Structure formats: C-alpha cells, structure tokens
Student: 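Quick one: the structure is below, questions incoming.
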Amino acid sequence: MNDLIDTRRFEEIKAAGELPSPKGIALSIARMSQRGDASLAELARLVQGDPALVGRLVRAANGSLASGARPVVALRDALAVLGMAAVRNLALGFSLISSSGEGLCRSFPYARFWTGSVIRAIAMQKILMRLRTAGVEESFSVGLLAGIGALGLASVFPAQYSRVLDEARGDPVALLDLERQAFAMSHVELSAAMLADWGMPRFFVAAVLRHEGALTLPAEDGSREYGLTLALGLARAIETACMADDAGRSEAVDAAKALAARMEWVPEQVSALCEDVAADWKDWSAMLPVDAYALPNLSMSAEPETLAPPQPPAAFPSAANDAPAGDGLRVLVVDDDAATRLTLQTLLVRGGYRVATAEDGVRGMECALEFQPHIMVVDWVMPQMNGLELARTLRQTRMGRSIYIIVLTSHEEDARLVEAFESGVDDYMVKPLRPRVLEARLRAAQRLVRMQRELETEREEIRRYAAELGVSNRRLQEVSMTDALTGFPNRRYAMERIAQEWAIAQRSNRSLSCMLIDVDHFRQINETYGRDVADQVLEQTARAIRACMRTQDVVCRTGGDEFLIICPDTDLQQALACAQRVGAGVAAVPVQAGRLRLKSSISVGVAERLPAMPDADALLTLADQALLAAKKAGRNCVRTAG
Ligand SMILES: Nc1nc2c(ncn2[C@@H]2O[C@H](COP(=O)(O)OP(=O)(O)OP(=O)(O)O)[C@@H](O)[C@H]2O)c(=O)[nH]1
C-alpha cells in the first residue's frame, strides 16, 4: 500500500489532531473484525444493541441482492449477505455520519458533505450491482467514505482548512492544489490513506485515490481496479449532478455520460440508474441523520461520446519480442481518412502504445482534452480544422503545450515545413506511411516525453518538499509562539501582538487596554505542595481567566505566574469591569489538584493607551505599576496606576 500512499505524511497528520474515527458499537465491531476468528453469531449479538444499525444493515444487504432475490428481513441473514468486512465498514460510515454532523471548520459544509456521500454510496451500490463485479457488499461503504479525507482535513485543521476552502471558491482543481500546499496532502490522498488505515482492500483504496480523475484515465484493460475507478468516478459525477446548481449540473451530467460511455453504457442506462438512486435516497435519507433533500431529475438524453471506440483490435496482437517500445504512452491519431487511421492504430497498438482516434480536427481537439495524449499524429489536410490549426489551438492550452505533435504531409517543400513548425508541430512525416520511419520518429518523441515526465516528477517532488517544509515551518513557528504548559500564546507572541494592536489603535484612533495578572503567593504554593500541584494551579487559573474574557481579548502567559491580556477596542472603564470579573471568576472556582482543593486568587493591574504615550512599552509599564499597586493593596484586587 506504501506505493499508493505517503504514509509518513499521513502519520504526521494523524499525530497533528483527531481524525474522524469509529465510535461506540462501530469501534467494537472494528475490534472484533481485527480478531479474525469472530463468528456471525457474536457479530449479531453486538449489532442487536443498536436497533438503528440493524435497520440500516438490513437495508444495505437488500441493496446488494440481485433483483428478484427474496428480500432479507432478519439481521443474521443481512450479516451473512454482507460479511464481516462490509458490516465493519458500514458501521464505521454510519457512526461517522452520526458523530460528525457538525464541527469547528467554519467553511466546511458538514450537512451537505454527508448528503453527497450518501448519494454517492447509493449510486456506487447500484453501479456495481449492474456491473456484477465482486465487492458489491462493500460498495455502499466505499461510496460513503470515498471523500472522508475532506472531513479529516476539516477535523484536524479546522481554521486552516476553512481558509483553504474559501480560497478555492468551489473550484475542485484549485482545491487540490491549495490542500497540497497547506497540508502536503490533498483530501483525496487523505481519504485513501484513511481507508487503507481502516483495512479496506488495496483495489478499493486505489480506486478512491484515482476516481476524481477518472475522466482522464486512458482507455484500458478491463482490470478490476480500473472498473472500480470508473464506477466510483461515475457515482461521484451523479452525486455532483444531484448536488450542483443548475449551471454546474449540465457539466456533471456530461461527465457522467462520458464515464458511462467508457463502461459501454448507453445514456438510457444512466437515466435508469439515476431513477434507482433517487428511489433509494428516499429510504436512506429517512434512516440516516441527513437532511431530507429533493434530488433533481437528471436528464441523460443521448449525445455522441467524445472518445473513439475502444481498442486495441483483437486482430493485431502485440509484437512477440520484449517489452513493447511504446511503454504505454498515449497516442492520439487524428485523420479524416479511415484507412490511414486504421493503419496507424494497428502499428501503434502493436508497438505497445495506447491509442485513441478522431476523424477530424474538431473531434481531435475534444478528444485531446479528454484523453490527454503524450503524442499526437495529425493529418495536415482535414475538413473544418486542419492539422496546423489544431496544433496552434492546442499550443494555447496548458495541457496542449506538452504534447509531442507529428504532422502528416504529402509534400516536403521547405516553405510548407517552415509553416508547420511555426504552427507548433514538433516533427513531420511524409505520406505514404512507412512503418520503420514511423517507429524512428516515435522513438524521438518518446525520448522527449520521458524527459518531460522526469522533469515533472522532479518538479512535483520539489513542490511536495516545499509544501512539507512550509507545514513544518508553520508548526515550528506555532510552537515557538506557544506556552507549553497552558497552550496559550507566550511572551514572544504577546510582545509582537501588543505592538500590532498598538499600531492599529493608533492608526484608527481606537481605544486599547491591557491587564497584567499575577497569581498571588504562587511561590508559597510551589513550596508547600510541590511543582506538579503548582503547575495544575497555573493551568486551571489560566483556563478560568480565559473563560471570563471576550473572544477578541488575547490571553498570553508572559512568565512564571504572570499573564498579559490585550483588550482591543476597550477603554479603561470597560477593562476595569472585565478585570473585576476575572478576579472574581478565579477566586470563585477552587483548583482541583488530585485530591487537593486549593483556593487561588490573582492581582490585576489595568492600563489604557493614552494619547501622550510613545509606544506599547509605555502602556505595559503603566500596567506593571498598576499591578504593583494591587500587590501593595493586599492582593486579590484590581488597580490602575496613577
Ligand atoms: N510550578 C511552577 N512554578 C513556577 C513556574 N514558573 C515560575 N514558577 C515559580 O513561580 C514563583 C513566582 O513567584 P513570585 O511571583 O515572584 O511571587 P509570589 O509568591 O507569587 O508572590 P506575589 O506575586 O507577590 O504574590 C517562583 O517561585 C517561581 O519559581 C512554572 O512554570 N511552574
């Protein structure tokens, strides 16, 4: 699994905060399934303790039965249909829906996230039922949890992820980039890592990792992993179509149709699938704590697909020698002459390339965007858009700039060749085609494509390294600004912050106050009860102080038993009232240290920024004098200076 997932980064994220995890019965089921020798009877006894879970498992089992089969009503039968692994994952998913319906990440749409996940789960189950592939029992939970990494980022980095979501403004590609920059791992990669961590099989993890880019997968081999990726991609497209607004819907419907076409489904089959999903959604949304949401009617009327029919043709076996020279590179052939297309396709497939074809420039352009070829072989003369126009248009796109384009021509005059190169083609070949020349030209193309790939890998590594460095630097900075005992900002942070607040207050002519707080007789507490108890007094006093302050006030631990509180937009009277409240709050709640209950109190010095003060230091000096006055006045009181 390590080849799929950056496990080191995943462990770091896990260590940085609380990732969503199974709770209650789901946790017991997870533990039981790890034992390996648990029986269905034991599992049934455990599940019976949660009637809602029983109902949901029976529903899930019925969803994965072939049509016409007698429906399951008893829990034992449902467990037998699903099997231990599927039950574990379903229980996990359901427990997460119940425990993660809301959270601290301001911009993360918790309710919408789960609505979408359930729609995707239903769609995935329906698709795998139709494909009759293995893994139907797991399909619901795979669909449900395929996007769990987003919830993971929202849970571990609530504030940061909120900013990332705001910045991405709903653009899925930008979101992935921003996530990688901020956390050195995207939500897709984190989803895959979490599923692997929970013990999901590799082919599911791989499908989760790739399904968001399913549309750009090359036409391929019919392996289980490939099929699952397309299926999950289709389930996601249906989810997106259901959740999108009118403007976004047609794009998602198109993506669903293109994916369905890859699976050799006609649009009518997709329409029927959507109807099934809508019917099941009614049941599931009543059984799960998700918003009742009316699914839109998705129209999937027929439209031509963009990709050429699947290949390779069975009549052209690969060369019998070593590894094919093409090394799986994608080649797109664009030619209006069917015979040339077929000849090229045959030669290329035989050479180990993956091939798509298009019959004119316009279709070639569409196909290039979807198929993302490494190399294109393009006829010069074609109706609508000729080969040179196609090359020029492609070179204007980011993706098109990296394609190696070979143009086919009947003439080799200098002027024509110059025109071709100026249009952005990389090489040319003279018709009629000669296989050995084609092979030689393609070898040159391969060299360049490989170099580009290596460069891209290196760039990717540098980007990743920079992102990791950025994340660790931010952590280091946070650590260097945080007091380890209380978790509050430390003296260093306090001094930077008060200087900032000073500048803001001065510029906008707003009031600014601060308080210096010292715990009374703290030395004595240390000497009488020892350092551990004294630490607990400090910690709990700090919490009591924080609880009495407003959110905009900044509470910092500036030294041993000393705290500085910065109060923006606060005049002296307001600050004094606040200080009295804090003093009373600390005195009212005794500190519990083991079996000891200790009373503690604080002295507070309050000061306000005055027009005559030159800088923030002057404000701090005044607060210090006020604190001294409070100590002199007998402690457990609030004073101002002067
Ligand atoms: N337990 C513990 N003690 C600390 C820590 N940092 C400083 N101290 C102790 O805190 C005490 C500070 O005492 P002072 O503020 O000088 O005196 P005080 O007893 O509070 O007297 P008043 O402030 O006049 O009431 C010293 O004994 C320090 O050793 C810490 O992180 N943990």
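Bear in mind the structure is a predicted one, so any value in this text is a computation, not a measurement. Whatever order the structure lists ligands and atoms in, that order sets their numbers, starting from 1. Because only heavy atoms are used, hydrogens play no part in the values below, and waters and symmetry mates are left out as well, while side chains stay in.
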Student: Indicate, as side chain, backbone, both or neither, the part of K631 found under 4.0 angstrom from ligand 1 when only non-hydrogen atoms are considered.
Tutor: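 Near ligand 1, K631 shows its side chain, while the N, CA, C and O stay back.
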Student: Using the side chain to side chain contact (heavy atoms under 4.5 Å, CB included) rule, pick out the option among T621, L622, L512 that qualifies with M613.
Tutor: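 With M613 as partner, T621, L622, L512 yield a single side chain to side chain contact (heavy atoms under 4.5 Å, CB included), made by L622.
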Student: Counting only heavy atoms, which portion of D561 has something under 4.0 Å from ligand 1: side chain, backbone, both, or neither?
Tutor: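 Contact part for D561 vs ligand 1: side chain (C-beta onward).
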Student: Which is it for E539 and ligand 1 at heavy atoms under 4.0 Å: side chain, backbone, both or neither?
Tutor: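 Under 4.0 Å from ligand 1, E539 contributes no heavy atoms.
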Student: With a heavy-atom distance limit of 4.0 Å, tell me whether R635 approaches ligand 1 through its side chain, its backbone, both, or neither.
Tutor: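 Only the side chain of R635 comes within reach of ligand 1.
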Student: Are the side chain of Q540 and the backbone of V591 linked by a donor-acceptor contact shorter than 3.5 Å?
Tutor: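 Checking the backbone N and O of V591 against the side chain of Q540, no donor-acceptor pair under 3.5 Å is found.
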Student: Find the distance between CZ (R120) and CG (L144) and round it off to the nearest 0.5 Å.
Tutor: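 Nearest 0.5 Å value for the CZ-CG distance: 8.0 Å.
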Student: State the atoms of ligand 1, each with its element, that fall below the 4.0 Å cut-off from a heavy-atom position in D520.
Tutor: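 With D520 as reference, the close atoms of ligand 1 come out as 25 (O).
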Student: If I compare all heavy atoms of Q574 with all of D569, which pair ends up nearest, and what's the gap?
Tutor: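 Reported closest heavy-atom pair: OE1-O, 3.9 Å.
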Student: Between L485 and ligand 1, find which residue part has any heavy-atom pair under 4.0 Å and reply side chain, backbone, both or neither.
Tutor: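 Answer for L485: neither.
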Student: Just by modelled atom types, is the S513 backbone N or O under 3.5 Å from a matching donor or acceptor in the T570 side chain?
Tutor: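 No; judged by distance alone, with no hydrogens or angles, the pair does not exist.
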Student: Looking only at protein heavy atoms, which one is nearest to atom 9 (C) of ligand 1, and how far off is it?
Tutor: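 Result for atom 9 (C) of ligand 1: N526 ND2, 3.2 Å.
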Student: Decide whether the shortest distance between a heavy atom of R557 and an atom of ligand 1 is less than 4.0 Å.
Tutor: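 It does, in that a heavy atom of R557 comes within the 4.0 Å cut-off of ligand 1.
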Student: Would you check if the side chain of R491 reaches a backbone N or O of T558 as a donor-acceptor pair within less than 3.5 Å?
Tutor: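 Present.
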Student: Could you state the interatomic distance from CG (L619) to CD1 (I498), rounded to the nearest 0.5 Å?
Tutor: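 Rounded to the nearest 0.5 Å, the CG-CD1 separation comes out at 5.0 Å.
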Student: Which residue holds the protein heavy atom closest to atom 5 (C) of ligand 1, what is that atom called, and what is the gap in Å?
Tutor: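 Nearest neighbour among protein heavy atoms for atom 5 (C) of ligand 1, to 0.1 Å: R531 NH2, 3.6 Å.
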